[in-house]
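This report refers to the structure that appears directly beneath it.
Convention: sequence-line order gives letters A, B, ...; per-chain numbering from 1. The figures here come from the full heavy-atom set of this structure, side chains too, leaving out hydrogens, waters and symmetry mates.
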Amino acid sequence: MSEPIIKFDKVVKRFGSVTVLNELDFSVSPGEKVTIIGPSGSGKSTVLRILMTLESINDGVVWVDGEPLWHEERGGKLQAASEKHMHRMREKLGMVFQQFNLFPHMTVRRNLTEAPIRVLKLSKKEARERADRLLEMVGLQDQADKYPHQLSGGQQQRVGIARACAMRPRIMLFDEPTSALDPELVGEVLNVIRNLAEEHDLTMLLVTHEMQFARQISDRVCFFDRGRICEEGPPSELFSEPKEARTKEFLRAVVDPDSAKGEKQASAEG
Amino acid sequence: MLFGIHWDTSSDLAFAASILPILLRGMVITIEATVLGFFIALVLGLVLAVLKAAPTRIVSWPALVVTEFVRDTPLLVQLFFLYYVLPEYGIVLPAFLTGALALGVQYSAYTSEVYRAGLEAVNRGQHEAARALNLTTTRTFTHIVLPQAVPRVIPALGNYLVSIMKDVPVLSVVTVLEMLNVAKIIGDRTFNYMIPLSMVGGLYLILTILASAGVRYLDLKLPKIGIPLK
């Protein structure tokens with residue numbers, strides 16, 4: 001067994017008096033594709049945001065690639081990490097946002113080259129070549145000189161994915177990448193993610209409501225509820241034969257919202 | 001006679017025509033004071049806005065206090081202070097520079113608030129994306145946040161340009177020969193205040209209309225989403 005590339009060790013996250021993550025234990029192996037599902041407010045996006053260092057933790061330790069993310073070892077003790085340490089750790093991670101968060105004042109190509117040039121110190125030529133290759137990968141090679149607002153939502157999100165890939169992270173975090181899209185644009189984004197998932201080295205963590213898609217690409221599905229993993233397993237098991245009552249209830253509500261509260265139908269199915 | 005130009009008092013029209021070049025000399029000073037004052041207000045305002053946004057109170061508090069102090073005291077008091085008190089400590093500035101500095105400092109308090117609103121209006125997701133891409137805080141500010149904030153605040157900053165222009169006559173009390181001061185000197189010497197002062201009013205109207213039109217033009221021309229950086 002290989003060492004986990006991501007490991008949450010009794011992680012606690014509170015927003016004011018609300019406990020979002022309640023002593024969460026969670027780990028991901030290198031190259032694993034994990035989907036996190038669960039009701040809103042269950043802490044699933046928070047897991048990704050903590051990994052991307054957008055949200056700090058109140059207690060516990062997060063390990064990424066064998067090193068603590070939010071801590072540094074000083075004098076044999078774990079202490080709050082410096083910005084320098086987190087800067088180094090962030091190189092391992094990339095994130096795709098629900099709202100795309102492209103830089104609106106930059107062209108598509110500039111969106112893809114800014115960080116590689118400034119952070120990875122690539123030459124302009126190298127960064128440009130890398131950007132063009134990635135745009136081809138997401139099928140947007142003709143759009144390089146446009147501004148984000150000239151693209152459709154689906155195209156913008158594909159740029160978002162390409163931008164994250166341009167940093168060559170080992171771990172990709174997808175935070176509800178299709179939730180802000182019109183239904184007819186979801187497919188093109190999922191196809192790009194599906195292609196990425198076929199890369200065996202890349203570790204993927206995906207928060208989504210696209211259950212069908214989760215079933216296709218994940219090695220493992222985690223159902224989050226009230227800041228903890230309520231149930232996890234291969235998609236074939238979790239979707240077909242959920243064990244926990246909460247999981248069943250959630251899946252029923254997501255798959256067929258009309259029957260969410262229909263006891264009759266539920267018992268008929270069971 | 002002023003600036004070596006004589007005036008002709010034979011008729012009202014001839015008088016007006018003869019003092020126009022003198023008033024225009026004053027207008028140049030008015031414009032110079034406006035531009036310099038506005039420039040100081042733009043730069044100092046941005047510095048104050050950044051300091052006020054600092055996460056540590058040791059940095060943000062002094063900036064807040066300075067802003068509040070400057071905003072709540074009259075321009076004339078600040079001007080007198082700079083002009084009469086600073087020389088006692090060996091800092092002697094020409095009247096024009098003192099005046100432009102006073103205008104700039106006074107208005108930096110206002111522009112800093114405009115900048116602050118503009119910076120806060122930039123979506124949080126932009127900061128997050130920049131962080132996810134590992135850009136430094138400085139780079140994020142100068143190349144992601146600021147280019148998006150500036151176009152949004154241009155109309156509000158432009159209004160302050162017009163306000164500064166209208167405050168320049170205050171500098172006449174420290175002997176700056178701007179337009180109003182020139183007109184007053186002409187009035188003192190010819191006992192005709194009516195014509196030079198009316199002309200100053202007219203010239204001011206033209207200046208402010210032009211400045212406002214310029215600001216509006218800029219606002220329409222700049223893309224709303226941000227200034228593309230080449």
Side-chain angles (χ1 to χ4, degrees), chain A residues 45 48-49 51-55 83-84 86-121 124 145-150 156 159-160 162-169 171-175 180, chain B residues 42 46 49-51 53-60 114-157 218-230:
Chain A
S45 285
L48 301 195
R49 294 174 58 79
L51 283 167
M52 200 64 254
T53 69
L54 302 177
E55 217 77 78
E83 176 55 32
K84 199 177 152 196
M86 285 200 277
H87 185 85
R88 194 168 56 79
M89 294 302 284
R90 274 198 293 267
E91 282 177 8
K92 303 173 198 287
L93 299 139
M95 185 159 181
V96 174
F97 298 88
Q98 184 178 357
Q99 300 295 337
F100 329 139
N101 295 345
L102 299 180
F103 303 131
H105 57 300
M106 294 180 178
T107 62
V108 166
R109 187 183 281 118
R110 182 78 200 277
N111 262 281
L112 266 63
T113 55
E114 171 72 17
I117 292 173
R118 292 292 150 186
V119 182
L120 305 181
K121 310 290 179 200
K124 277 190 179 161
D145 295 313
K146 288 197 177 163
Y147 285 92
H149 69 102
Q150 295 170 302
Q156 288 190 41
V159 174
R163 183 176 67 175
C165 289
M167 300 300 282
R168 303 252 169 99
I171 305 163
M172 276 287 263
L173 311 168
F174 295 89
D175 188 8
Chain B
L42 286 184
L46 183 57
V50 173
L51 293 180
T56 39
R57 291 223 173 124
I58 308 165
V59 182
S60 64
V114 172
Y115 279 122
R116 198 172 60 100
L119 294 173
E120 279 173 7
V122 173
N123 195 313
R124 211 166 59 111
Q126 294 291 309
H127 293 270
E128 292 181 350
R131 195 167 163 86
L133 290 169
N134 232 342
L135 294 170
T136 60
T137 317
T138 318
R139 184 78 190 173
T140 302
F141 181 73
T142 57
H143 283 71
I144 307 296
V145 178
L146 202 55
Q148 293 183 60
V150 166
R152 294 174 210 215
V153 298
I154 278 182
L157 290 178
L218 210 57
D219 184 31
L220 289 175
K221 278 287 157 188
L222 284 174
K224 280 286 173 294
I225 44 145
I227 301 170
L229 294 166
K230 290 282 178 257

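Nearest heavy atoms, B:Ala129 versus A:Phe103: CB-CE2, 4.0 Å. Taking each heavy atom of A:Pro104 and B:Gln126 in turn, the nearest pair found is CD-OE1, 3.5 Å.
Put simply, the residue from A:Met89, A:Arg90, A:Arg118 that forms a side-chain contact (heavy atoms from CB on, under 4.5 Å) with B:Asn134 is A:Arg90.
Put simply, the side chain of A:Met106 does not reach to within 4.5 Å of the side chain of B:Pro147, judged on heavy atoms. Between B:Arg139 and A:Glu114 there is a side-chain heavy-atom pair separated by less than 4.5 Å.
Contact count against chain B (heavy-atom pairs under 4.5 Å) is highest for A:His87 among A:Arg163, A:Met167, A:His87, A:Gln99. Ranking A:Met86, A:Gln98, A:Arg49, A:Met95 against chain B, the residue ahead of the rest is A:Arg49, based on heavy-atom pairs under 4.5 Å.
Taken from CD1 in A:Ile117 to CG in B:Leu135, the straight-line distance is 11.0 Å, to the nearest 0.5 Å. Between the CD1 atom of B:Ile144 and the CG atom of A:Asn101 there is a distance of 11.0 Å, given to the nearest 0.5 Å.
Of the atoms belonging to A:Leu120, not a single heavy atom falls under 4.5 Å from chain B. Looking at B:Arg131, both its backbone and its side chain come within 4.5 Å of chain A, counting heavy atoms on both sides. With a 4.5 angstrom heavy-atom cutoff, A:Thr53 touches chain B via backbone and side-chain atoms both.
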